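Here, residue 1 is the first one in the sequence, and each next residue gets the next number. One-based numbering, in listed order, for ligands and for the atoms of each. Note that the coordinates shown come from a computational prediction; the quantities given were computed from them, not determined experimentally.
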Amino acid sequence: MLLVIDVGNTRIKAAVFEGNTLLETLFFSNVDFQKNSKTILDSYPKVTDMIVASVGNRDKDDFLALNAKINVHFVTHETLFPFQNLYETPHTLGIDRMVLAAGAVLQFPKQNRLVIDAGTCITYDFVDNEDRYLGGAIALGIRLRYESLHHYTANLPLLAVENVPSNEQQDLIGNSTQQSIHSGVINGVVFEIEGFINEYRKKYPQFIIILTGGDSEFLAKRLKNTIFANSNFLLESLNQIYLYTTKND
Ligand SMILES: Nc1ncnc2c1ncn2[C@@H]1O[C@H](COP(=O)(O)OP(=O)(O)O)[C@@H](O)[C@H]1O
Ligand SMILES: CC(C)(COP(=O)(O)O)[C@@H](O)C(=O)NCCC(=O)O
Ligand SMILES: [K+]
């Protein structure tokens, strides 16, 4: 039984897998990581291995301290990935982005793939049908946009995606300060993502789109393009990498 852990800049996400079967997902903030992870391990005594992808500043010792009996596999730039990395600065590429690219290759073989991860940042990662990772883009996530508008202006309030009315379209013309901010943030993100997809389509007429990240379910309803929306895609990709690396060791 495997515990997979994704340490992002906002949340830590975890999941327990038995082979390809996802048994449980768990989410917690960075602060109560140690306590919660011990709870997970106590609830799943059959966990023998853990695979960790961390963009945060946690080091391997934090995870080794959880349980000395568990084998910890820390995903690094030296991990065996199922793609050719054509990034010009391969050692600055986010481990999370590499895991997403690996998941796209392993779960959607032999086609052009664009992975969009809407979390702290919105990342775009492209792997072509020859399994070459070409790179992509890094943009402000939804929360960072709301926080920037508040922190870097004199009068704008701090809003959040949770305040957005649940209807699936955000009014284009905001008729109040709050609605203007929501229109700028939500429509800005939706139009940005659709704009990127349209530009990719000019270069690659055929490709699939995988949308993941904590804001993926919110955004999937608002995007016109056909996408595979899966908020657990990074966790599933970590499991796929574990199976791939142990098989190819
Ligand atoms: N229970 C939750 N707690 C915090 N953020 C959540 C939650 N559910 C969804 N979200 C959304 O997920 C975003 C973080 O997405 P995530 O992919 O976890 O980020 P990262 O991987 O960068 O840490 C938050 O900004 C928020 O909009
Ligand atoms: C862009 C990121 C901060 C995204 O992190 P996240 O939104 O998942 O918290 C992370 O992928 C990162 O630190 N990248 C390093 C720079 C690069 O990928 O080129
Ligand atoms: K992200």
Original post:
Nearest heavy-atom pair of I5 and M50: which atoms, and what distance?
Top reply: CD1-SD, 4.0 Å

Original post:
Are F17 and Y242 close enough that their ring centers fall under 6.0 Å?
Top reply: no

Subject >> Ligand-residue contact atoms, ligand 2 with C121, heavy atoms, under 4.0 Å >> reply: 3 (C), 7 (O)

Subject >> Y87 neighbourhood, listing ligand 2 atoms whose heavy-atom distance to it stays under 4.0 Å >> reply: 17 (C), 18 (O), 19 (O)

Subject >> Polar atom proximity, T123 to ligand 2 (N or O, under 3.5 Å) >> reply: no

**OP:** State whether the shortest distance between N or O atoms of V55 and N or O atoms of ligand 2 falls below 3.5 angstrom.
**Re:** no

Original post:
What atoms in ligand 1 come closer than 4.0 Å to a heavy atom of T120?
Top reply: 19 (O), 20 (P), 22 (O), 23 (O)

Original post:
Are R113 and D128 within salt-bridge range, i.e. N to O under 4.0 Å?
Top reply: no

Original post:
So which of D117, D96, V99, T92 gets nearest to atom 4 (C) of ligand 2, if we judge by its closest heavy atom?
Top reply: D96

Original post:
Does the ring center of Y204 lie less than 6.0 Å from the ring center of F126?
Top reply: yes

Original post:
Under 3.5 Å between some N or O of ligand 2 and some N or O of I138?
Top reply: no

Original post:
At a 4.0 Å threshold, what atoms of ligand 1 neighbour a non-hydrogen atom of N9?
Top reply: 20 (P), 22 (O), 23 (O)

Original post:
Quick one: does T10 get an N or O within less than 3.5 Å of an N or O on ligand 1?
Top reply: yes

**OP:** Kindly give the heavy-atom pair with the smallest separation between T226 and I209, and that separation in Å.
**Re:** O-CD1, 3.9 Å

**OP:** Kindly assign one of parallel, tilted or perpendicular to the pair Y146 and H182, based on the angle between their ring planes and the thresholds 30° and 60°.
**Re:** perpendicular

Subject >> Any D215 heavy atom less than 4.0 Å to ligand 1 >> reply: yes

Original post:
Just going by heavy-atom distances, which of S216, C121, G214, S231 is nearest to atom 17 (O) of ligand 1?
Top reply: G214

**OP:** Could you tell me whether R11 and ligand 1 have an N or O pair separated by under 3.5 Å?
**Re:** yes

Original post:
Is it the case that one hydrophobic cluster holds both L106 and L243, taking links as side-chain heavy atoms less than 4.5 Å apart, direct or via other members?
Top reply: no

Subject >> Non-hydrogen atoms of T76 and I95 that approach each other most closely >> reply: C-CD1, 3.6 Å

Original post:
Any idea which heavy atoms bring A14 and L3 closest together, and the distance?
Top reply: CB-CD1, 4.3 Å

Original post:
What atoms of ligand 1 come within less than 4.0 Å of a heavy atom belonging to G8?
Top reply: 20 (P), 21 (O), 23 (O)

**OP:** Select the closest option to atom 25 (O) of ligand 1 among R143, E217, E162, E147, judged by heavy-atom distance.
**Re:** R143

Original post:
In a check of ring pair (Phe, Tyr, Trp, His ring centres under 6.0 Å) between Y124 and each of Y200, F196, F207, which one passes?
Top reply: F196

Original post:
Which ligand 2 atoms does N9 reach within 4.0 Å, using its non-hydrogen atoms?
Top reply: 3 (C), 5 (O), 6 (P), 9 (O)

**OP:** May I ask you to list the atoms of ligand 1 that are less than 4.0 angstrom from any heavy atom of G213?
**Re:** 17 (O)

